[in-house]
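Labels below follow one simple rule: chain letters A, B, ... track the order of the sequence lines, proteins then strands, and each chain is numbered from 1.
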Protein chains: 2
Amino acid sequence: MAKINEVAEAAGVSISTVSYALSGKRPVSPATRKRIEDAVAKLGYSPNASARMLAGRRTNIFALTEPLRTDTHVPTHMAFVLATAVAARRHDYDILLLTEEQAVSGMKRVASSGLADAILVLDVAPDDERVALARSLATPTVFIGVPDDHEGLVCVDLDFEAAARLAVEKLATLGHQRIGMLGMTESAYEKSNFPPRVRAAYEHRAAELGVQTFFRTSGPAQTDRNGCRVAVSEMLAAGVTALVLHANEDAHAIVLSELDQRGVSIPYDLSLISVGNSFDIDTLARPIDSLPLIPAESCNRAVELALESLDEGHRQPGLHLIAPTYLSRDSIGPWVGSTSDEPEAPAAM
Amino acid sequence: MAKINEVAEAAGVSISTVSYALSGKRPVSPATRKRIEDAVAKLGYSPNASARMLAGRRTNIFALTEPLRTDTHVPTHMAFVLATAVAARRHDYDILLLTEEQAVSGMKRVASSGLADAILVLDVAPDDERVALARSLATPTVFIGVPDDHEGLVCVDLDFEAAARLAVEKLATLGHQRIGMLGMTESAYEKSNFPPRVRAAYEHRAAELGVQTFFRTSGPAQTDRNGCRVAVSEMLAAGVTALVLHANEDAHAIVLSELDQRGVSIPYDLSLISVGNSFDIDTLARPIDSLPLIPAESCNRAVELALESLDEGHRQPGLHLIAPTYLSRDSIGPWVGSTSDEPEAPAAM
DNA sequence: TTGAAAGCGTTACCAG
DNA sequence: CTGGTAACGCTTTCAA
């Protein structure tokens, strides 16, 4: 725990020179720099974080607010938490956790005490109470996810609508006339912000292209392992020739096993595309085409926006939607036309 | 962002009196206190965290190091992360995240810069490299989990051995002569610290009581949904009349569904006890008796130990094992003696 | 019960 | 290229 003045003495220079040599904010001659570096090494000097914060008027800490509602998919969420931490560290920032009951009150606290330079918001709800709070705070705040009312906020997210549209277009181009979507759990369509956006874009684009759509959720709850199977069965029975998946990793695995059991071959009998998946698609038993939601991408962008906001005045409110990328795994193919046992076209569900 | 001197002026008192009135470290007359509180309210004053840290020589921040290895069960892990955050806040502390690549290097960083007052260690491996590091740091460090070599360290954990023994004793008392354990995934027995301890205690206590044991892992990997079914089938086939579960939530659900399909009735045909489960046992389709690992309990204790360590000199190295509690859900019953179709006793596995 | 002032360990401005 | 020194905003000792 040596202090900067000890380093200065050992190197025979002034305190300010040591500071500048370390920060690089002022040129220092190679000779003195060397003496300082030696002194630092010998004394094992490391600048005191608290003093640095006070003098530098910057804590190098981002607060991460994450209420973690009961219906949030934990592994997905964790991937985002880790991604923010990694992204922050690249810019020499640390992440301070504001969870559960502290998610809201903690925001006020770190803002008014100046503990955090900026706030990153995770687990965004459509009617998130942190929206109003963020507007009232002087501390820059970046939402990772898009609340219904995002006027004046900085938000980052995958362009889910574009991803859904792209999936539909791919399938329509291949001749599919009846496609289905397996969505997330029912509650996700009430409590989360993007599932409804995906569904709406999917249906809208399909209508534009004259493709008939079907939709099923993964079931009422995350614990329900059967919901997916039933949903898939029903859509197959309805004559669907392609399936868009917007669900968590478990649901993907269940769908694949169900298809496997039924002897449905991909992509010959059925085309499959995953949209907005935030897990590694290649760990599935049968990797499938995807338009993934990449946590690192969203979080890197969020951190960059947070940093920009620090340079007072440079705040740019608005949606920062990330263009989706299509990853091919040969799980989609042309629809080979009507076969003998094609069922009657039922009403859309 | 009012400052303390503004509050002092507004209240017509000195800076130090404001500080003392707010911290309560010195008696302040009711009259002045009131004037100060009014000034604080009017100005919306909130002490600056950085200045407080520097002057108070305490950051009120705990670093949480969590490498999050690939084979770590994420929901369980997350429960611990949240529990540390909640426990810390109760003592006015915040949690700073050190994940993945930062798990080790970050420890050095926050220790040498004085960013954290203490370090909490999660996701402890048997041969954890953070053990040696913790010994070399001046910053108090508390392990939540027990590494093989814990000489001189402060460690908190459930007394897994006691829990395993208790489970065996319960079953032995009820007359069971052949019991099985469904353990975690195979890799958990190499890369984590407590699974081997549970298994060893289970087998040792059973041997003492003359009970024959069987053991199976949940399969090679977390993604393998079939491992549990096979494991259970094999143990049932071997004539096991009671099962001790030391596995994650998914595995519990799979076991229950398998037993249900086979028409095995609990506790009449089979007794079931869960050991070291860190999820809510009552969300299972059929709640079962358990000796749970309660994240909040471990983390509260860890935070308390960390705080004690701050009062220089009060450090008490050693294992702090939490006594297990037995939660009854009527999932164990007496063994009704040998029935007609009892299989031959095979060699223990 | 209260006040004055000396730190806490840096950063960054102003001089040279 | 380098040094002196005034902040940074609070805590806490010393004095009254």
* Among residues two or more places apart or on two chains, list those pairs meeting salt bridge (charged side-chain N to carboxylate O under 4.0 Å, His left out) that have a residue in residues 83-97 of chain A. => A/Arg89-A/Asp92, A/Arg89-A/Asp94, A/Asp94-B/Arg109
* Structure fact -> Residues at least two apart in sequence or cross-chain that pass side-chain contact (heavy atoms from CB on, under 4.5 Å) with B/Ala8, listed by chain then number, are B/Ile15, B/Val18
* Asked: Among all residues two or more places apart in sequence or in another chain, which pass the side chain to side chain donor-acceptor pair (under 3.5 Å) test with A/Ser23?
  -> none
* Who pairs with B/Asp157 by salt bridge (charged side-chain N to carboxylate O under 4.0 Å, His left out), at least two apart in sequence or on another chain? -> B/Arg197
* So, is A/Ser19 close to the C/dA12 phosphate, meaning a side-chain N or O under 4.0 Å from OP1 or OP2? -> no
* To do: Among B/Lys34, B/Lys42, B/Arg35, find the residue that satisfies the side chain to side chain donor-acceptor pair (under 3.5 Å) test when tested with B/Asp38.
  => B/Lys34
Under 3.5 Å, N/O pairs linking protein and nucleotides 14-16 of chain C:
none

* To the nearest Å, give me how far apart CG (B/Asn5) and C1' (C/dA4) are. => 14 Å
* Asked: Of A/Ser46 and B/Ser14, whose nearest nucleotide on DNA chain C comes first from the 5' end?
  -> B/Ser14
* Between C/dG9 (C1') and A/Met1 (CE): distance, integer Å -> 12 Å
* **Side chain A/Ser16 and base D/dG3 donor-acceptor under 3.5 Å** => yes
* For A/Ser105, side-chain contact (heavy atoms from CB on, under 4.5 Å) partners two or more places apart -> A/Gln102
* Check each residue of residues 47-62 of chain B for a non-hydrogen atom within less than 4.0 Å of any atom in DNA chain C, then write out the ones that pass by number, or none. => B/Leu54, B/Ala55, B/Arg57
* Can you check the A/Ile4 CD1 to D/dG3 P distance for me, whole Å? -> 12 Å
* Structure fact -> Whole-Å distance, A/Lys34 NZ to D/dC1 P, equals 19 Å
* Structure fact -> Contacts satisfying salt bridge (charged side-chain N to carboxylate O under 4.0 Å, His left out) that involve residues 44-59 of chain A (not counting sequence neighbours) are none
* Tell me whether the OP1 or OP2 atom of C/dT2 has a side-chain N or O from B/Ser29 closer than 4.0 Å. => yes
* Go through the structure and list residues passing side-chain contact (heavy atoms from CB on, under 4.5 Å) with A/Ser113, not counting sequence neighbours. => A/Leu115, B/Ser46, B/Ala49
Would you tabulate the side-chain donor-acceptor contacts of residues 25-33 of chain B under 3.5 Å, counting partners in other chains and residues two or more places apart, or write 'none'?
unit_1  : atom_1 : unit_2  : atom_2 : d
B/Ser29 : OG     : B/Thr32 : N      : 3.4
B/Ser29 : OG     : B/Thr32 : OG1    : 2.5
B/Thr32 : OG1    : B/Ser29 : O      : 3.0
B/Arg33 : NH2    : B/Ala21 : O      : 3.0

* Asked: Nearest-Å distance, CG (A/Leu115) to P (D/dG9)?
  -> 15 Å
* Provide, to the nearest angstrom, the distance between the CG atom belonging to B/Leu22 and the P atom belonging to D/dC10. => 10 Å
* How would you list all residue pairs meeting salt bridge (charged side-chain N to carboxylate O under 4.0 Å, His left out) that involve residues 113-122 of chain A, not counting sequence neighbours? -> none
* Report the end-to-end axis angle of the helix from C/dT1-D/dA16 to C/dG16-D/dC1; each axis comes from five terminal pairs, and the value is rounded to 10°. => 30°
* Can you find a side-chain donor-acceptor pair between A/Ser14 and A/Thr17 that sits under 3.5 Å? -> yes
* Please state how far atom NZ in B/Lys25 lies from atom P in C/dT1, giving the value in whole angstrom units. => 18 Å
